[in-house]
Novice: 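Sharing a structure, written as structure tokens. Questions coming.
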Amino acid sequence: MTREFLKMHGLGNDFVVIDARSTPYRPAAAEVRAISGRKTGVGCDQFIVLEPTERSGAAGFMRIYNADGSEAGACGNASRCIGWLLMEEAGGDRASFETAAGLLHASRADNGRITVDMGPPRLDWAAIPLAGPADTLRVEAVEHGGFAAPVAVNMGNPHAVFFVDDAEAVPLTEVGPALEHHPAFPERANIEFAQVLSPTSIRMRVWERGAGITQACGTGSCATLVAAARRGLTGRKADIILDGGTLTIEWTDDDRVLMTGPVAVAFSGRLSPELVAE
């Protein structure tokens, strides 16, 4: 049996998307790794399966797998992609869908961009989660390679945001894996290095949990804006400049985090039987 798929991306953070609302599909971790492989599979940072849902007002359930086969609770760039697909399908300007992190709402913005309401940030140590009680504004227990005391934020998945003078100079491939697996993060963490350029602009590079270096991270951009605002380094709205482009993030006064950015369809195809375990 084979499966049709779409290859999509948001600022270079790329996804294989399978619509399984009519025909159930739950891939094994090895299957996800095979499809995600860039030399022998389709290649992607995250593998997305759109499943049916019984939740009122939701058009589907977005299940998210990292390239290593692990399951994730949230993915901002993929959320924009799924929101766009559902709006195109319905012919409307708004769409809602369910994720492991809760119900998300997408809408059309200017210049073909998509906005997703990513919900409220979770800032308590137990919600990150951290291994023990700590001030999430400065997690003193975390240090590696000269980088220390990040801001911890959960945006449906755990993030640790380090503020640095020069984001380009950070050796991501060296420090990213160790920080992702730091004992302070029992569920591992996405690692962001952020350089504040102005009160409305931040340069950020990311090491994603289960995926490594990616061109962009939507939830990481949300976490970075929240972290910067909490530290008093920016206001509650800023452009996050990533390797793949720019996202606009706003932390509203009613505690919602809005993420706005582009989506793109790269190509469509059909998975070969060798990549599908069914």
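Here, residue 1 is the first one in the sequence, and each next residue gets the next number.
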Novice: Indicate whether the side chain of E274 and that of S272 have a donor and an acceptor atom separated by less than 3.5 Å.
Specialist: yes
Novice: Inspect the contact between D68 and R33 and indicate whether a charged nitrogen and a carboxylate oxygen are less than 4.0 angstrom apart.
Specialist: no
Novice: Using the rule given for side-chain contact (heavy atoms from CB on, under 4.5 Å), can you reason through L6 versus V265, listing the C-alpha separation, both sets of side-chain angles and the distance that settles it, and then say yes or no?
Specialist: CA-CA 7 Å; L6 276 180; V265 177; 4.0 Å; yes
Novice: Once the angle between the rings of F162 and F193 is folded into 0 to 90°, is it parallel (under 30°), tilted (30 to 60°) or perpendicular (over 60°)?
Specialist: parallel
Novice: Closest heavy-atom contact between A216 and E208?
Specialist: O-OE2, 3.3 Å
Novice: Look only at the side chain of S79 and the backbone of C75, and say whether a donor-acceptor pair between them is shorter than 3.5 Å.
Specialist: yes
Novice: On a heavy-atom basis, which atom in I213 and which in L172 lie closest, and how many Å separate them?
Specialist: CD1-CB, 3.8 Å
Novice: Take T136 and V153, measure what side-chain contact (heavy atoms from CB on, under 4.5 Å) needs, and give me the verdict at the end.
Specialist: CA-CA 7 Å; T136 59; V153 182; over 6 Å; no
Novice: Looking only at side chains, do N13 and Q46 share a donor and an acceptor under 3.5 Å apart?
Specialist: yes
Novice: Of the non-hydrogen atoms in G10 and R80, which two are nearest, and what is the gap between them?
Specialist: CA-NH2, 3.7 Å
Novice: Just by modelled atom types, is the A167 backbone N or O under 3.5 Å from a matching donor or acceptor in the Q195 side chain?
Specialist: yes
Novice: State, yes or no, whether a side-chain contact exists between L50 and F61 at a heavy-atom distance under 4.5 Å.
Specialist: no
Novice: Looking at E180 and G210, would you say the former's side chain and the latter's main chain have a donor-acceptor pair under 3.5 Å?
Specialist: yes
Novice: Measuring only between side-chain heavy atoms, which start at C-beta, is K237 closer than 4.5 Å to T252?
Specialist: no
Novice: I want to check something: taking the side chain as every heavy atom from C-beta on, are I82 and I48 in contact at a cut-off of under 4.5 Å?
Specialist: yes
Novice: Judged by modelled atom types alone, do R113 and T260 share a side-chain donor-acceptor pair under 3.5 Å?
Specialist: no
Novice: Apply side-chain contact (heavy atoms from CB on, under 4.5 Å) to the pair V226 and R236, showing each step before the final yes or no.
Specialist: CA-CA 7 Å; V226 169; R236 295 175 71 96; over 6 Å; no
Novice: Can S221 and M204 be said to form a side-chain contact (heavy atoms from CB on, under 4.5 Å), step by step?
Specialist: CA-CA 8 Å; S221 296; M204 189 269 276; 3.8 Å; yes
Novice: Show the nearest heavy-atom pair for residues A194 and T224, with the distance to one decimal.
Specialist: CB-CG2, 3.7 Å
Novice: Is it true that Y25 and E31 share a donor-acceptor pair across their side chains at a distance under 3.5 Å?
Specialist: yes
Novice: If only atom types and distance count, is the side chain of R108 paired as donor or acceptor with the main-chain N or O of G92 below 3.5 Å?
Specialist: yes
